[in-house]
There are 2 protein chains.
Amino acid sequence: MSKQEGTPALPGNTEVTNRAPQAFAGEKKYQEIFRVANTTRNQLCPVRDIVARISDKWSMLAIFALGGYGKLRFNEMKYKIGDISQRMLTVTLRNLEADSLVTRTVFPEIPPRVEYELTPLGYSLMEQFVLLVDWAELNEEQIMKFRKLQIRN
Amino acid sequence: MSKQEGTPALPGNTEVTNRAPQAFAGEKKYQEIFRVANTTRNQLCPVRDIVARISDKWSMLAIFALGGYGKLRFNEMKYKIGDISQRMLTVTLRNLEADSLVTRTVFPEIPPRVEYELTPLGYSLMEQFVLLVDWAELNEEQIMKFRKLQIRN
DNA sequence: CGGGATCCACGAGGATACTG
DNA sequence: CAGTATCCTCGTGGATCCCG
């Protein structure tokens with residue numbers, strides 16, 4: 001672990017940094033986004049709140065499962081996701097339902113039947129997730145390669 | 001908490017469900033995404049792994065901070081985020097650095113100075129996050145309203 | 001079948017003190 | 001200033017048993 005790395009500062013440059021301009025085209029915009037996404041110090045930040053919920057361990061997978069297969073029964077989902085526990089699938093689905101991302105329909109039959117399905121809002125969120133997954137797939141190799149380089153040092 | 005809600009099944013409909021077709025336009029695509037994002041049962045899923053790392057509690061905020069303000073020193077970031085602990089900022093930045101999303105430059109001065117900055121890869125990830133935040137802002141009101149409805153019942 | 005209820009383990013993350 | 005080290009809390013999530 002070398003403590004000294006990368007490009008050291010040009011000695012004459014105290015305040016005026018020579019940033020790459022293209023990278024900061026949206027600087028103002030990103031500052032605004034940061035402000036919006038970080039309202040916690042003024043209590044309750046809905047954006048942060050929502051991001052927290054959608055980034056828990058299972059929500060994204062549950063949404064993809066419903067998006068890919070439409071209506072699903074409880075055990076169908078459990079099987080498709082594979083390594084989720086009964087409890088966490090229940091908790092996850094209840095949370096998604098509470099945000100109106102998923103509908104839950106109980107059929108008064110014996111044995112009982114319950115079907116879950118994405119709401120339009122749920123679909124729109126999944127579209128965003130797809131972009132994230134695309135990004136991850138696209139850059140997966142690069143990241144993995146870099147991680148392994150770290151280990152060698 | 002009523003056990004019976006929403007649209008009960010049309011009695012005659014056993015197998016052929018009358019799904020809204022537009023909602024399932026990309027069904028195959030989403031099944032594929034689900035498969036890719038859920039390779040855990042076959043051990044190690046890079047996509048899940050990457051998504052997990054980038055969607056932890058602090059990574060997104062750190063990335064926005066750097067995206068909005070360019071180069072930042074440790075305590076500048078800590079102040080801007082506000083409620084992150086020293087420890088977690090360190091851990092978060094080290095993780096981001098390990099994925100080559102952030103560069104860390106140490107200046108051999110006294111007192112020491114360390115600057116963090118997004119890499120191009122980090123910027124490209126931030127662009128994805130921006131879309132998520134946009135989504136959250138757009139639907140925030142709807143979700144909050146729905147949550148409050150839940151409480152009344 | 002689709003959960004609810006309970007108990008428990010573990011790891012993320014906070015608080016504090018110390019250091020090069 | 002920018003961490004490291006240590007201890008401890010607490011919430012997430014797994015395992016198990018039970019129920020309508």
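Each chain gets a letter, A, B and so on, in the order the sequences are listed, and its residues count up from 1.
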Phosphate-side-chain proximity, A:R94 and C:dG2, N/O vs OP1/OP2 below 4.0 Å: no
Whole-Å distance separating the CZ atom of B:F107 from the P atom of D:dA2: 11 Å
Separation of atom OH in B:Y79 from atom P in D:dG3, rounded to whole Å: 20 Å
Length of the CG-P vector between B:L61 and C:dG13, whole Å: 12 Å
Upstream residue (5' side of DNA chain C) when A:T90 and A:P112 are each assigned their closest nucleotide: A:P112
Touch class at under 4.0 angstrom, heavy-atom based, for B:R73 against every strand present: sugar-phosphate
Geometric class of the A:Y116/A:F74 ring pair [parallel <30°, tilted 30-60°, perpendicular >60°]: tilted
Whole-Å gap separating C1' (C:dG3) and CG (A:N75): 9 Å
Spacing between B:R87 atom CZ and D:dT4 atom P, to the nearest angstrom: 11 Å
Listed nucleotide nearest any side-chain atom of A:K57, set C:dG14, D:dG14, D:dT4: D:dG14
Protein-nucleotide distance (B:M88, atom CE; D:dG11, atom P), rounded to Å: 16 Å
Distance-only donor-acceptor check, side chains B:Y123 and B:E117, under 3.5 Å: no
Axis deviation across the helix from C:dC1-D:dG20 to C:dG20-D:dC1, five-pair ends, to the nearest 10°: 50°
